[in-house]
2 protein chains.
Amino acid sequence: MKDKSEVLQGTLDMLILKVVALGPIHGYGIAQRMRQISKEVLQVQQGSLYPALHRLEKRGWLESSWQESESGRPAKFYKLSAEGRKQLAQEQLSWERVAGAIALILRTAE
Amino acid sequence: MKDKSEVLQGTLDMLILKVVALGPIHGYGIAQRMRQISKEVLQVQQGSLYPALHRLEKRGWLESSWQESESGRPAKFYKLSAEGRKQLAQEQLSWERVAGAIALILRTAE
DNA sequence: AATGTGTACCTAGAATGTCGACATATGACG
DNA sequence: CGTCATATGTCGACATTCTAGGTACACATT
């Protein structure tokens, strides 16, 4: 009966990569931006966000550096690596393939 | 580097409910039908399929009965219950909401 | 007669990912 | 001084899917 768990398993990495691709941004900002662009639908929890960021950095798709946030406090800014850009492109293709297939099923008439 | 894992986490239940909604069908047939409709994209593994069917039956969304399959051998046929129909409608709505939100993010220009 | 292939069911264990809850710290504002 | 928004992080629980195994029967091929 959960109403708020809105991030589809397996899509979070792609979404993060995509948001970071829009320009360097810190973790907290990623969550805000995702929420804003998606009109409040996609709400990443912190317990999902930070592990995901570490995962992506470990795999070499993101690079980070400490800088000052807009509010003047320290924050870890992420940017996309070259490999991250490739990965994003691939995940996007895969998403479209699968989402298209699901649409086919859902649209099948009785 | 997995190439074949094609079922998006969280969508399997919905897909199964939808395929069963097309008419009574046995488990093995569900996998075939899904694969066929999706043009070979969605390939459910048996290790995912059967636990899912038991899960769905336990929750009261599917009902089963042993009957003869087309090949003459016994097979467990599933049909959608009234609650299953409701559940399917709800999951479909939720899917469209989330898939739409993801599309918004992916389409955001730099 | 033996072997393989397709149908049809099933389970156990591992891997993964997400969430809820918690913990920490700072700056701004009343 | 307390509270809120910002900002990072961890930990354990939970659900889901996959890999890999198993059983059994029918039919076709060798």
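Remember, it's a predicted structure, so these values are computed and weren't measured experimentally. Residue numbers start from 1 in every chain, and the chains themselves are labelled A, B, ... in the order their sequence lines are given, proteins ahead of strands.
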Is any NZ, NE, NH1 or NH2 atom of the basic residue among D13(B) and K18(B) found under 4.0 Å from an Asp or Glu carboxylate oxygen of the other? no
Note: contacts of residues 54-79 of chain B with DNA chain D (heavy atom, under 4.0 Å) are R55(B), R59(B), R73(B)
Donor-acceptor side-chain pairing of Q87(B) and E91(B) below 3.5 angstrom: yes
So if I apply the side-chain hydrogen bond (donor to acceptor under 3.5 Å, both in side chains) rule between S64(A) and each of E57(A), K76(A), K79(A), which one comes out positive? E57(A)
Provide, to the nearest angstrom, the distance between the CG atom belonging to L53(A) and the P atom belonging to dG17(C). 14 Å
Euclidean distance, atom CE of residue M14(A) to atom P of dT18(C) [Å, nearest integer]: 11 Å
Find the distance Q45(A):CD to dG17(C):C1' and express it as a whole number of Å. 14 Å
State whether Y50(A) places a side-chain N or O below 4.0 Å from either non-bridging phosphate oxygen (OP1 or OP2) of dT8(D). yes
Members of residues 22-35 of chain A that approach DNA chain C, where some heavy atom sits under 4.0 Å away: none
Do you reckon L56(B) sits in the same ILVMFWY cluster as V19(B), going by side-chain contacts under 4.5 Å, direct or chained? yes
Would you tell me whether Q67(A) and S65(A) have side-chain atoms, one donor and one acceptor, within less than 3.5 Å of each other? yes
Ignoring hydrogens and angles, answer whether the base of dT16(D) and the side-chain atoms of Q9(B) contain a donor-acceptor pair closer than 3.5 Å. yes
On a plain distance test, is the side chain of Q46(B) in donor-acceptor contact with the base of dC9(C) below 3.5 Å? yes
Whole-Å distance, L8(A) CG to dT16(C) C1', equals 15 Å
Starting from the C-alpha separation in whole Å, work towards a yes-or-no answer on side chain to side chain contact (heavy atoms under 4.5 Å, CB included) for L8(A) and Q9(B). CA-CA 7 Å; L8(A) 254 187; Q9(B) 196 115 357; over 6 Å; no
Sub-3.5 Å donor-acceptor pair from the side chain of S69(A) to the main-chain atoms of A75(A), do we have one? no
Rounded distance [0.5 Å steps], CG in L42(A) versus CD1 in I37(A): 9.5 Å
